[in-house]
Protein chains: 2
Amino acid sequence: MKTLTDRLSTSADQLPRRAGGRAKSRPTLRTIAAETGLAVTTVSRALALDPQIKASTRALVRAAADRLGYVPDRAAQRLRTGRTRVVQLVLNLDHEFLGFTHELIGGLTEALTGTGYSVTIFPDILGSDRLSSVRRIVEARLGDGVIFNRTEPFDPRVRYLLEQEFPFVSHGRTEFSTPHPSVDYDNEAFARIAVERLIAKGRKRLLIVLPPANFSFAQHLRWGAVAAAKAAGVTCEIPDAINLDSSEAETMAWLRQRLSQPDRPDGIIGVGEVSAMAALAAISDSGLTPGREIDVVAKRASAIFDLMRPRIDTMVEDLRLAGRTMGEMLLRAMEGEDASRLQVLHQPLVEF
Amino acid sequence: MKTLTDRLSTSADQLPRRAGGRAKSRPTLRTIAAETGLAVTTVSRALALDPQIKASTRALVRAAADRLGYVPDRAAQRLRTGRTRVVQLVLNLDHEFLGFTHELIGGLTEALTGTGYSVTIFPDILGSDRLSSVRRIVEARLGDGVIFNRTEPFDPRVRYLLEQEFPFVSHGRTEFSTPHPSVDYDNEAFARIAVERLIAKGRKRLLIVLPPANFSFAQHLRWGAVAAAKAAGVTCEIPDAINLDSSEAETMAWLRQRLSQPDRPDGIIGVGEVSAMAALAAISDSGLTPGREIDVVAKRASAIFDLMRPRIDTMVEDLRLAGRTMGEMLLRAMEGEDASRLQVLHQPLVEF
DNA sequence: ACGAATTATTGAAACGTTACAATATGGCCT
DNA sequence: AGGCCATATTGTAACGTTTCAATAATTCGT
């Protein structure tokens, strides 16, 4: 141990560390060129596996590069080619409570691993102009492509990016007639199936808490729920005092109050974990028991409901899959593939 | 609507979009120089607010830049200065179940907003060499600084980064004698307080599920729990069949089995939400009731337990604060501030 | 009004890479 | 052996910025 820490402190005491670390120069193409006696151009092309370069030369260069520990300078490549090799992920990081951002990011990086692209987080300033983040990315060429969520039916970002011909994939589809790359979850199907499930359990006064009305998926959920309820002749209440962006305390308080009324709902659809958990808590607080006087069907993106008692019916939305799909599609979009082939709608995975 | 979508489709049909979007050239320093009749150098320095440049000239340049919509080319700056203006966040994205990655990222971006730095996610390949990610970042100069978590007592990454004099902040402190920037949560205090709380409730056979033994905070938790239990003359069981990285199903199954034995624990400490929820589920499944035959104290990073019934005692670990602190400290580290001043230990926020 | 000191601006070079056009090398045919 | 193609390699320029050293413009003391 002594030796280790000694070595540490001596080497760390050398010079006041500056940003970016030490200045020891890394090998460049020129270094390899000098080493092999070839021209810089040849080395560059050899490393790019240009078939124009003789195979033996390529091997020679490759060997020298490895021996010297050469690693290309992204900044120089970027300056020269104009490609950043960066994918910008526009995220709102304020509002999440049980966010599954990490699933989305996980899937995205999974798709991008080995492609040379990296993922940069672009924090979306809530409340500011919807467009500003994306515009910033395009204007400063902060990436070769962009991914965002919380899509609106006529999202200005979609319009802008189409106009700019800038590659992107939206999480959530729009109402634009021009096709654009998007990955979405069939929330309409989810709502329909949830309603049908509750009806099958004999429930007649349903309730669903929706996302803020401006988001695309709020519409889909509404359509699905309302249509299915109507078809079966039951009611489906949609509170407008609360939505999925309301605080959990607010949601719970409202639900508690609602459940204390005589015409209380007997079936609740939880879109997302927080909403469903708030419903379960409110139900418990009201002295009711899920499965007896009331039922809950929820969408889940994690295994959380496996740990909840009592257990409820759930459908899965695989956000990791969504992230991975978006990554794969963005790659294809950046290669110029037609947008009409880059539209995916994932179906709910029903678990009951 | 017609007009909008028409405009979209016509503009989108123009040319096959290529990676990075259109080629319309952006204004550069040269453009501004030509526009103002000044030299490129002057423009550069004016925009950098160099006091050497006359104030009136600075204003002139600023105006021209704004008028033309100039935005500096990061790649060129990067190539010239060697600074990437990127912070790499090394994250393992495989393993999380209820991950609060978004809190960490949120805090980090909060601290970095307006500084010109952006956060890039570097996916840590689990199972591979611990060092490889960080080495990659340093060698390819993928960032000016790096942040990582899941720190080990003698984490090789810390040693390497100190040797390389590369700025970093670790989430979790180490046992190295050389100081280095780190942000940690006082898990020892958490464990101690949790044990004391359970003892105050009359519990005598405690149990705590720890993280995998190789992580720093596993040690801290162990010390805190064991010492407090010993001081009070109660037992504190530490299962080694399961740990915090075990699957929730595994954890729950083991706990269920354990709770069915005659010498079952009467107090459980939940380090992290999943572990606590698994405990609660197992307790419920065993026909026991928290608050009656058994108690649970948990650490929480979200409001999730506000939605759980029955309610349990919790202490808060603010991961957003941790992220923000790490961001602020990394900025200072990159400016050369001494590591001894960049060590923070956040205390548990006790809620009972 | 003149040189000296200060202030303000400039030119040239460089960061490391890739793209283009040009040259060198070799093989093959007549 | 000369000429011609195909193959393999090279030199030069450029991407947009910052830095260094040098020049131009201004102020000041005398």
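As the structure is a computational prediction, the values presented were derived from the model and not from experiment. Below, read A as the first sequence line, B as the second, and so on, with proteins coming before strands; counting in each chain starts at 1.
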| message | Nearest 0.5 Å, please: how far is OG1 in B/T109 from CZ in B/R324? | response | 10.5 Å
| request: Consider only side-chain N and O atoms of B/D155 and B/T174, and report whether a donor and an acceptor are under 3.5 Å apart. | output: no
| message | Go nucleotide by nucleotide along DNA chain C from the 5' end; which of B/P51 and B/L79 gets its closest nucleotide reached first? | response | B/P51
Report all interatomic pairs (protein N or O, nucleotide N or O of nucleotides 24-28 of chain D) with separations under 3.5 Å.
none

| note | From CZ of A/R74 across to P of D/dT17 the rounded distance in Å is 21 Å
| task | Ignoring hydrogens and angles, tell me if any N or O in the side chain of B/Q88 forms a donor-acceptor pair with the backbone of B/L142 under 3.5 Å. | result | yes
| Taking the side chain from A/T84 and the backbone from A/D144, do they hold a donor-acceptor pair closer than 3.5 Å? | yes
| request: Walking along DNA chain C from 5' to 3', note the first and the last nucleotide with an atom under 4.0 Å from a heavy atom of chain B, and give both. | output: C/dA8 to C/dG16
| query | Does A/R159 make a cation-pi contact with A/F176, if we ask for NZ or CZ under 6.0 Å from the ring centre and within 45° of the axis? | reply | no
| field | Shortest non-hydrogen contact between A/G82 and A/R141, atoms and distance | value | O-CD, 4.0 Å
| message | Tell me whether B/T120 contacts the main-chain N or O of A/T120 through its side chain, where contact means a donor paired with an acceptor under 3.5 Å. | response | no
| remark: A/L60 atom CG is separated from D/dA8 atom P, nearest whole Å, by 15 Å
| Checking all strands, does B/T28 fall into the base, sugar-phosphate, or nothing category for heavy-atom contacts under 4.0 angstrom? | sugar-phosphate
| task | Pick base, sugar-phosphate or nothing for A/A76, based on heavy-atom distances below 4.0 Å to the nucleic acid. | result | base
| Do you know the tightest heavy-atom contact between B/Y117 and B/V86? | CD2-N, 3.8 Å
| task | Provide the full list of salt bridge (charged side-chain N to carboxylate O under 4.0 Å, His left out) pairs with a residue in residues 32-42 of chain B, sequence neighbours left out, each pair given once. | result | B/E35-B/R67
Taking N or O atoms only and anything under 3.5 Å, show me the protein contacts with nucleotides 19-22 of chain D, one pair per line.
from   : atom 1 : to    : atom 2 : distance (Å)
D/dT19 : O4'    : B/R80 : NH2    : 3.4
D/dT19 : O4     : B/T41 : OG1    : 3.4

| task | Using atom CZ of A/R30 as one end and atom C1' of D/dG11 as the other, report the distance to the nearest whole Å. | result | 13 Å
| request: Would you give the length of the straight line joining atom CE of B/M329 to atom CG of B/L342, rounded to the nearest 0.5 angstrom? | output: 5.0 Å
| request: Could you pick out which residue, B/G37 or A/A75, lies toward the 5' side of DNA chain C when each is mapped onto its nearest nucleotide? | output: B/G37
| note | When rounded to the nearest 0.5 Å, the distance separating CZ of A/R74 from CZ of B/R78 is 7.5 Å
Give the table of side-chain donor-acceptor pairs shorter than 3.5 Å for residues 52-61 of chain A, with sequence neighbours excluded, one pair per line with atom names and distance.
from  : atom 1 : to    : atom 2 : distance (Å)
A/R58 : NH1    : A/D50 : O      : 3.1
A/R58 : NH1    : A/I53 : O      : 3.2

| field | Pair A/V134-A/F122, side chain to side chain contact (heavy atoms under 4.5 Å, CB included): steps then yes or no | value | CA-CA 9 Å; A/V134 157; A/F122 196 101; over 6 Å; no
| Nucleic acid contacts - residues 52-59 of chain B versus DNA chain C, non-hydrogen atoms under 4.0 Å | B/Q52, B/I53, B/K54, B/T57
